[in-house]
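See below for the structure under consideration.
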Amino acid sequence: MRTQVCIIGGGPSGLLLSQLLHLNGIETVVLEKHTREYVLQRIRAGVLEHGFAQLMREAQCGERMDRECEIHHGFFIAREGILNRVDLHKYSGGNSVVVYGQTELTRDLCDARARMGGIVVHDAQDVALHDIASDKPFVTYTRDNATYRIDCDYVVGADGFHGISRKSIPASVLQEHEKIYPFGWLGVLSRTKPVSPELIYVKHQRGFALCSMRSQVLSRYYVQVPLTDKEEDWSDDAFWTELKNRLPGEVAARLQTGPAIEKSIAPLRSYVCEPMRYGRLFLAGDAAHIVPPTGARGLNSAASDVYYLFQGLVEHYRTGSERGLETYSQRALARVWKGQRFSWWMTMMLHTFPDAISYDRKLQDTDLDYLFSSDAAMASLAENYVGLPF
Ligand code: FAS
Ligand code: PHB
């Protein structure tokens, strides 16, 4: 088989890029190692920047999102039992965020690819990249005991943090930057009415918590837990009790609890690999960078990668220019690192650190005091949260 762009990974990054390229006449093949059902049962991001939402509309995949999403003009930070509102709309010059689950967004992208005859190969095993430093790269994979080869012009590694693409770049070329946090997030999804119309980020001496949602009948909650915890250590009742212990009393009193329909612990790390290009291989999304979810930047950082890569590939196929492709890594990393900074800042400000000294704790309090006493500080938070320009 031959195609123009072979995309490894059928998550949001890979599918969005495939859809945008298709609409601009560029052929792609997407190779996904899991089944469609497996991909669509994963519960991940919940908040989209307005730039991501716009890209979904440009990809002709925004209709259900616009029909079912919620538009949020702010969120709350709770500390010492008090709710403090961050007015995103006021401080970002009129912008807001779209609350729409990554699961649904991925479903919309999957359906659009199928509707438009896109080639998305699920259950593609043993994907391997070949000759990516040459001008004739190819990809092999196995499925149903047969081996396949795809010759292509370019390979895009959109296969997430544990994918094969980044590992195909020689160690001598790759520069990695990583920070591991000494805690994780225990997340619960429940068919309950959300406790608040807007998200609540909680700073508490017992640990961070977050009240989010997927719709008015589907709530998403998180509590910070030690890295040694396992999902099975936490009964539903234990989770709800701990969440209530961290919420302001008025909020805890109105919390609607129910059975966890999904419960998982995600470790927190910050990670960036440079460059995001090697020969004919381009990395996009979690394949190249990871953030702690505190700033809701994970999926949103992938969006600008996809945007820059989409632009560069269309420019190349339309005009022969390599300029967009040659500047991809530098352009993408410039925005990725701003998302890294914001996610690190939100994480350091709102979590309890086992080895923190009193000076660290005073700095956390001062950060919050400054935030709620300065329009400039609030504007900085707001412009990062709604999404810096692509
Ligand atoms: P993904 O990891 O989503 O997709 C990569 C795809 O490649 C997967 O489908 C995988 O099966 C496939 N793949 C991997 N190796 C392969 C191989 N060798 N061959 C073929 N296919 C392969 N972000 C937020 O903003 N908010 C959150 O609350 C949040 N929560 C998260 C919770 C968890 C547990 C995780 C892991 C991430 C979370 N994120 C969150 C970040 C997440 O949303 C990512 O940013 C987003 O999934 C990035 O999308 P992709 O780059 O497409 O990577
Ligand atoms: C979520 O709804 O899963 C979510 C929202 C905001 C975050 C992290 C996770 O910062």
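Counting starts at 1 for both ligands and their atoms, following the listed order.
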**Q.** From the candidates His122, Arg44, Glu32, Glu49, the one that places a heavy atom nearest atom 39 (N) of ligand 1
**A.** Arg44

(Q) Given Val291, Leu189, Leu350, Val47, identify the one with the heavy atom nearest to atom 5 (C) of ligand 2. (A) Val47

Q. Considering only protein heavy atoms, which is closest to atom 52 (O) of ligand 1, and at what distance to one decimal place?
A. Ser13 N, 3.0 Å

Q. Could a heavy atom of Trp185 be found less than 4.0 Å from some atom of ligand 2?
A. yes

Q: Evaluate whether atom CZ of Arg323 has more than 12 neighbouring non-hydrogen atoms of other residues, nucleotides or ligands under 6.0 angstrom away.
A: no

Q) Hey, which atoms in ligand 2 end up nearer than 4.0 Å to a heavy atom of Thr294? A) 10 (O)

**Q.** More than 12 heavy atoms of other groups within 6.0 Å of Gln205 CD
**A.** no

(Q) Contact between ligand 1 and Arg42 is defined here as a heavy atom of the residue under 4.0 Å from a ligand atom; is it met? (A) yes

(Q) Closer than 4.0 Å to some heavy atom of Leu199 - which atoms of ligand 2 meet that? (A) 5 (C), 6 (C)

Q) Any N/O of Ala124 closer than 3.5 Å to an N/O of ligand 1? A) no

Q) Is Arg335 paired with Glu49 through a side-chain N to carboxylate O contact shorter than 4.0 Å? A) yes

Q) Is the closest heavy atom of Arg214 to ligand 2 under 4.0 Å? A) yes

Q. With the threshold set at 4.0 Å, does a side-chain nitrogen-carboxylate oxygen contact exist between Asp153 and Arg2?
A. yes

(Q) Is any side-chain heavy atom of Met1 closer than 4.5 Å to one of Asp151? (A) no

Q.
Using a 6.0 Å cut-off, check whether atom NZ of Lys362 has over 12 heavy atoms from anything other than its own residue.
A. no

**Q.** Residue from Tyr221, Tyr222, Trp185 passing ring-ring contact (aromatic ring centres under 6.0 Å, His included) with Phe208
**A.** Trp185

Q. By number and element, which atoms of ligand 2 are closer than 4.0 Å to a non-hydrogen atom of Tyr222?
A. 1 (C), 3 (O), 9 (C)

Q: Please determine if Gly298 has a nitrogen or oxygen closer than 3.5 Å to a nitrogen or oxygen of ligand 1.
A: yes

(Q) Taking distance alone, with N or O pairs closer than 3.5 Å, would you say Pro293 contacts ligand 2? (A) yes

Q) If every non-hydrogen atom of Asp108 is compared with every non-hydrogen atom of Tyr100, which pair is closest and at what distance? A) OD2-OH, 2.5 Å

Q. Which residue and non-hydrogen atom of the protein lie closest to atom 34 (C) of ligand 1, and at what distance in Å?
A. Ala266 CB, 3.9 Å

Q.
Is Arg297 close enough to touch ligand 2? Criterion: a residue heavy atom under 4.0 Å from a ligand atom.
A. no

Q. Short list, please: which atoms of ligand 2 are under 4.0 Å from a heavy atom of Arg44?
A. 3 (O)

Q) Is the closest heavy-atom distance from Tyr222 to ligand 1 below 4.0 Å? A) yes

Q. Atom 18 (N) of ligand 1: which protein heavy atom is closest, and how many Å away?
A. Ile164 CG2, 3.6 Å

Q | Over-ring placement of Arg166 relative to Phe161, 6.0 Å and 45° cut-offs | A | yes

(Q) Looking only at distances, can you tell me whether any N or O atom of Arg220, backbone or side chain, sits closer than 3.5 Å to an N or O atom of ligand 2? (A) no

Q) When you measure from atom 19 (N) of ligand 1 to each heavy atom in Val127, Asp286, Asp305, which option holds the nearest one? A) Val127

Q. Is the closest basic N to carboxylate O distance between Arg277 and Glu326 below 4.0 Å?
A. no

**Q.** Protein contact of atom 24 (C) of ligand 1 - nearest heavy atom, named by residue and atom, plus distance
**A.** Ala45 CB, 3.3 Å

Q | Ligand-side contact atoms (ligand 2) for residue partner Tyr201, heavy atom cut-off under 4.0 Å | A | 6 (C), 7 (C), 10 (O)

Q.
Please check: side-chain N/O of Asp305 versus main-chain N/O of Gly285, any donor-acceptor pairing under 3.5 Å?
A. yes

Q) What are the atoms of ligand 2, with element, lying closer than 4.0 Å to any heavy atom of Ala296? A) 6 (C), 7 (C), 10 (O)

Q) Hey, are Asp375 and Lys90 close enough for a salt bridge, meaning a charged N less than 4.0 Å from a carboxylate O? A) no

Q) What part of Val291, side chain, backbone, both or neither, has a heavy atom within less than 4.0 angstrom of ligand 1? A) neither

Q. How would you list all residue pairs meeting side chain to side chain donor-acceptor pair (under 3.5 Å) that involve residues 376-390, not counting sequence neighbours?
A. Tyr201-Tyr385

Q: With heavy atoms only and a cut-off of under 4.0 Å, state how Ala158 meets ligand 1: side chain, backbone, both or neither.
A: backbone

(Q) Using the rule salt bridge (charged side-chain N to carboxylate O under 4.0 Å, His left out), only one of Asp229, Asp233, Asp236 pairs with Lys263; which is it? (A) Asp236

